[in-house]
Amino acid sequence: MLRVYNSMTRTKEQFIPTRPGEVSVYSCGPTVYDEPHIGNWRSFVIFDVFRRYLKHKGFKVTFVQNITDIDDKIIKRANETGVHPTTLADKFTAIYLEQARLLGNEPADVHPRATEHVGNIIELIQCLIDKGFAYAAGGDVYFDTSRFQTYGALSGQPIEELEAGARVEIGEMKKSPLDFALWKAKKPGEIYWDSPWGPGRPGWHIECSAMSMKYLGDTIDIHTGGVDLKFPHHENERAQSEAATGKPFVKYWLHVGFLQIGGERMGKSLGNFLTLSQLMKKYDPMAIRFYLISAHYRSPLNYSEELLQSSAAGLKRLQNTVSMLSHAVAAASPGQDAAWEALLREFKSRFYEAMDDDFNTADAIAVLFDIARAANTHSGEMKREMAQETLSLLEELGEVLGLRFLDGKAAAEDAALVEGLLRILLDLREEARKVKDWKTADHIRDALSSLGITIEDTPLGPRYRR
RNA sequence: GGCGACGUAGCCAAGUGGUAAGGCAGAGGACUGCAAAUCCUUUAUUCCCCGGUUCAAAUCCGGGCGUCGCCUCCA
């Protein structure tokens, strides 16, 4: 029984999708004006874990993540660098998708782009105007927040408080500071689309409303984003969607906490950010993923080099166990163990209990380490089927979190060749060891070591790992 | 000013009424030809502080201190 923390009600609730067995998820994706930093990646990885777990629970999940490919920042960056906004957006969209893949995120079922849905957006804006929730002013169109009764409910803010903090840009023609742009009139030299209100482009918030409606319908089960999106972005989305359809927009709002560095939020504007490309020079993307899910998603997560190293070491420990088990599957004698199977079932249910509790990845990871410890303890008497079942369980649970414990880099063919060659060397070394020819034995080991291959002498015979 | 999150060992981090998970780092031991990996033991009588409720609190209530965030583009 999955329970999730709903930001709207500020309580953990039992998760019951609108349609039994099916879950619709909308995740706010990147604005593609630059490479995401690892704070952004924290959210994107967590969204992927949500989705993976829902799938493993047996739900048919439809996962939509937008790509914001037109907005102020893109226009600004395009002007600065002298490239067309579309070229810039395409470049960083490709980088986003590639890095997501490296981190082990599955592609969304749909990655809709704002510029490909301008027609849907215009329709939605027109609908809001027709219903009296929006008004055109000087080529812009604004949402009239005073017409939407429960504005502020998601952020838990009284209207007066929000008003006090609101700001009006010069040149804006809002009736109230809280009103926000649905359509922005074209400025000289800017990219534009034609609309009933003149040439211009969509505001940021409206694209999510239009695209979630198109792909997931009027009411979606889960909407995710970073906590910073709660206000104003999600508040505004909610107002637009519910004003247009008269139906609830989202059943469960899930918000991911910040990645902090040096005691403050990692952010582009603060200049204290690190990108995935920077970290990948030193760390495996899997280690980075492991680090990003090492704390509960709603807690702040600290970044430091030391923490990343700590995560990398922890993942290595799990990988060593998987390596040991693979070896046992190949080399150990056949055999089952009822007590061991019972233990595995217990681990499995503990893992799922942790994930059922609002996706408690930190607790779930602890179970992985418990499995590793138990398997390592019994590595001496590990029988083939025991090893196989343990391996399968670790792979299954790793799959839920998007973690791979085996190095997937080497192609299958290469792997077979390397395996054969190493077998020969290991055999030679064993012969040398039998006659206590340590010089030869150590030479082989050292030479392989310099190629990054470690030999280990185990009760089941020698094995190697990279 | 309004709203919210957080404060658990050297570092990170679970745990929301029943007597402190897990990881990293450190120390000691075992295993080993030497290693590597692994295992065992060890590191918080105590969970920011002070009161209160309770047979029982890290967990609930009140007060205080500290850190971070949102209220403006932002995962």
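Quick note on labels: first sequence line is chain A, next is B, and so on, each numbered from 1.
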Engineer: Say we look at B:rU8 and B:rC12: how far apart would their C1' atoms be, to the nearest angstrom?
Structural biologist: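 To the nearest whole Å, 11 Å.
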Engineer: With respect to the side chain of A:L162, which nucleotide from B:rC71, B:rA13, B:rC39 is positioned closest?
Structural biologist: B:rC71
Engineer: Look at the rings of A:H233 and A:H205 and say which category their plane angle falls in: under 30° parallel, 30 to 60° tilted, over 60° perpendicular.
Structural biologist: tilted
Engineer: Assign A:G225 to base, sugar-phosphate, or nothing according to its heavy-atom contacts below 4.0 angstrom with the strands shown.
Structural biologist: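 Contact class for A:G225: sugar-phosphate only.
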Engineer: Given A:C208, which of A:C28, A:P112, A:S241 fulfils the side-chain contact (heavy atoms from CB on, under 4.5 Å) condition?
Structural biologist: A:C28
Engineer: For A:L318 and B:rG23, what is the distance between atoms CG and P respectively, to the nearest whole Å?
Structural biologist: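 Value for this atom pair: 10 Å.
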Engineer: Using a 4.0 Å heavy-atom cut-off, does A:E264 contact any base of the nucleic acid, only the sugar-phosphate backbone, or nothing at all?
Structural biologist: sugar-phosphate
Engineer: If we ignore angles and hydrogens, is there a donor and acceptor under 3.5 Å between the side chains of A:S294 and A:S311?
Structural biologist: no
Engineer: Cationic tip of A:K76 within the cone over A:Y33's six-membered ring, i.e. under 6.0 Å and within 45° of the normal?
Structural biologist: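 No; the conditions do not both hold, so A:K76 does not lie above the ring face of A:Y33.
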Engineer: Name the nucleic acid region contacted by A:D370, choosing base, sugar-phosphate or nothing; use a 4.0 angstrom heavy-atom cut-off, strictly under.
Structural biologist: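 Sugar-phosphate contact only.
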Engineer: Within the 3.5 Å criterion, strictly below it, is a donor on A:E13 or A:T9 matched to an acceptor on the partner's side chain?
Structural biologist: yes
Engineer: What nucleic acid atoms does A:G257 come within less than 4.0 Å of, heavy atoms only: base, sugar-phosphate, or nothing?
Structural biologist: base
Engineer: Using a cut-off of 4.0 Å on non-hydrogen atoms, how would the nucleic acid contact of A:T454 be classed: base, sugar-phosphate, or nothing?
Structural biologist: sugar-phosphate
Engineer: Please give the distance between the P atoms of B:rU59 and B:rC6 as a whole number of Å.
Structural biologist: 14 Å
Engineer: Quick one, A:F405 and A:L403 - any side-chain contact, counting heavy atoms below 4.5 Å?
Structural biologist: yes
Engineer: From CG of A:N236 over to P of B:rC70, roughly how many Å is that when rounded to an integer?
Structural biologist: 17 Å
Engineer: Please tell me whether A:T31 and A:D71 have a donor and an acceptor in their side chains that are separated by less than 3.5 angstrom.
Structural biologist: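 A:T31 vs A:D71: no donor-acceptor pair found between side chains.
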Engineer: At under 4.0 Å between heavy atoms, what does A:F231 touch on the DNA or RNA strands: base, sugar-phosphate, or nothing?
Structural biologist: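 The residue A:F231 makes sugar-phosphate contact but no base contact.
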Engineer: Near RNA chain B, counting only heavy atoms under 4.0 Å, which residues of residues 291-312 of chain A show up?
Structural biologist: A:A295, A:H296, A:S299, A:P300, A:N302, A:E306, A:L307, A:S310
Engineer: Assign A:D363 to base, sugar-phosphate, or nothing according to its heavy-atom contacts below 4.0 angstrom with the strands shown.
Structural biologist: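 Base contact.
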Engineer: What does A:R317 touch in the nucleic acid at a heavy-atom separation under 4.0 angstrom: a base, only the sugar-phosphate, or nothing?
Structural biologist: sugar-phosphate
Engineer: Under 4.0 Å, heavy atoms only, any strand: does A:L259 hit a base, just the sugar-phosphate, or nothing?
Structural biologist: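 Contact class for A:L259: base.
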Engineer: Can you figure out which of B:rU38, B:rA75, B:rA36 approaches the side chain of A:R465 most closely?
Structural biologist: B:rA36
Engineer: Select base, sugar-phosphate, or nothing to describe what A:K268 touches, counting heavy atoms under 4.0 Å on all strands.
Structural biologist: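 The residue A:K268 makes no contact with any strand.
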Engineer: Which whole number of Å gives the distance between the P atom of B:rA36 and that of B:rG29?
Structural biologist: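 Approximately 15 Å lies between the P atom of B:rA36 and that of B:rG29.
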Engineer: For the side chain of A:R265, starting at C-beta, report the closest nucleotide among B:rG33, B:rG69, B:rC24.
Structural biologist: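 Taking heavy atoms from C-beta onward, the closest nucleotide is B:rG69.
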Engineer: Using atom P of each nucleotide, how far apart are B:rC11 and B:rG7 to the nearest Å?
Structural biologist: 15 Å
Engineer: Whole angstrom is fine here: how far is it from CZ in A:F50 over to P in B:rA75?
Structural biologist: 17 Å
